[in-house]
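Everything on this sheet refers to the single structure shown next.
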Amino acid sequence: EFGYYFKTAYLFTRSGEQERSEKETIQETWENLIFRQEARNLNITVSRKELEEEIKRLVSEKDMEYGSKEYRIWVIGQLNENVDVFEQRIEDLLIINKFLKIKNYQLLV
């Protein structure tokens, strides 16, 4: 499980920083593991529509269309994994982001 979340943190950062140290990536990995588990405990989910909209946004930056042959080739070739795993990573990150928004809101109230 750590390996899955490490690769996710390596590919996609919550902070938006392009260059991070391995230590920072490991820190984000542990945070993501904890946040995802807490989101599960709260039954936080994202809809298929939310997931597809985010993936469409991401791949449009690469001038690709979600679900196209080019999209599948890009995921397999550039990320070295199948489309289902890639989409699960995006779903996990969306759920983590939703969890963090809820927790930040609760801290403000």
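Nothing here was measured: the structure is a model prediction, and the numbers come from that model.
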Practice prompt. Working to the nearest 0.5 Å, report the span between CD1 of I44 and CZ of R36.
Written response: 9.0 Å
Item to complete: Could you grab the distance from atom CD of E1 to atom CG of L33, nearest 0.5 Å is fine?
Response: 5.0 Å
Worksheet item: Taking everything shown except E61 itself, do over 12 heavy atoms lie less than 6.0 Å from its CD?
Response: yes
Practice prompt. Treat each ILVMFWY residue as a node, draw an edge where side-chain heavy atoms are under 4.5 Å apart, and state whether M64 and L11 are in one component.
Written response: yes
Discussion item. Using a 6.0 Å cut-off, check whether atom CD of Q37 has over 12 heavy atoms from anything other than its own residue.
Written reply: yes
Discussion item. Would you compute the distance between atom CG of N97 and atom CZ of F35 and round it to the nearest 0.5 angstrom?
Written reply: 10.5 Å
Practice prompt. Give a yes-or-no answer on whether the side chains of Y66 and E53 include a donor-acceptor pair shorter than 3.5 Å.
Written response: no
Discussion item. Membership question, hydrophobic clusters at under 4.5 Å side-chain separation (ILVMFWY): are I90 and I76 in the same one?
Written reply: no
Discussion item. Donor-acceptor pair, distance only, cut-off 3.5 Å: does the side chain of Y4 make one with the backbone of R89?
Written reply: yes
Discussion item. Main chain of V75, side chain of Q78: is a donor-acceptor contact present, judged purely on distance under 3.5 Å?
Written reply: no
Worksheet item: If you take all heavy atoms of N80 and K7, which pair is closest and at what distance?
Response: O-NZ, 3.7 Å
Discussion item. Salt bridge (charged side-chain N to carboxylate O under 4.0 Å, His left out) for K98 and E50? Distances and angles first, verdict last.
Written reply: CA-CA 11 Å; K98 192 179 273 192; E50 289 173 291; 3.4 Å; yes
Worksheet entry | Donor on one side chain, acceptor on other, T25 and E28, under 3.5 Å | no
Discussion item. Using 0.5 Å steps for rounding, measure from the CD atom of E31 to the CG atom of L100.
Written reply: 8.5 Å
Practice prompt. Return yes if some donor-acceptor pair links the side-chain N/O of K56 with the main-chain N/O of E65 below 3.5 Å, else return no.
Written response: no
Worksheet item: Is the shortest heavy-atom distance from the side chain of L93 to the side chain of N32 under 4.5 Å?
Response: yes
Discussion item. Looking at every heavy atom in both N82 and D84, which two are closest together, and how far apart are they?
Written reply: OD1-N, 3.0 Å
Practice prompt. Measure from the side-chain N and O atoms of R72 to the backbone N and O of G67, and report whether any donor-acceptor pair falls under 3.5 Å.
Written response: yes
Fill in: Test side chain to side chain contact (heavy atoms under 4.5 Å, CB included) applied to L58 and E54, step by step
CA-CA 6 Å; L58 288 171; E54 180 62 15; 3.9 Å; yes
Response to the item:
Output for pair (Y71 OH, K62 NZ), nearest 0.5 Å, gives 13.0 Å
Worksheet item: With a 4.5 Å heavy-atom cut-off, do F86 and W74 have their side chains touching?
Response: yes
Discussion item. Heavy-atom count check: over 12 atoms from other residues, nucleotides or ligands less than 6.0 Å from F2 CZ?
Written reply: yes
Practice prompt. Drop me the distance from Y5's OH to D92's CG, to the nearest 0.5 angstrom.
Written response: 4.0 Å
Worksheet item: Can you name the salt bridge (charged side-chain N to carboxylate O under 4.0 Å, His left out) partners of E52, sequence neighbours left out?
Response: R48
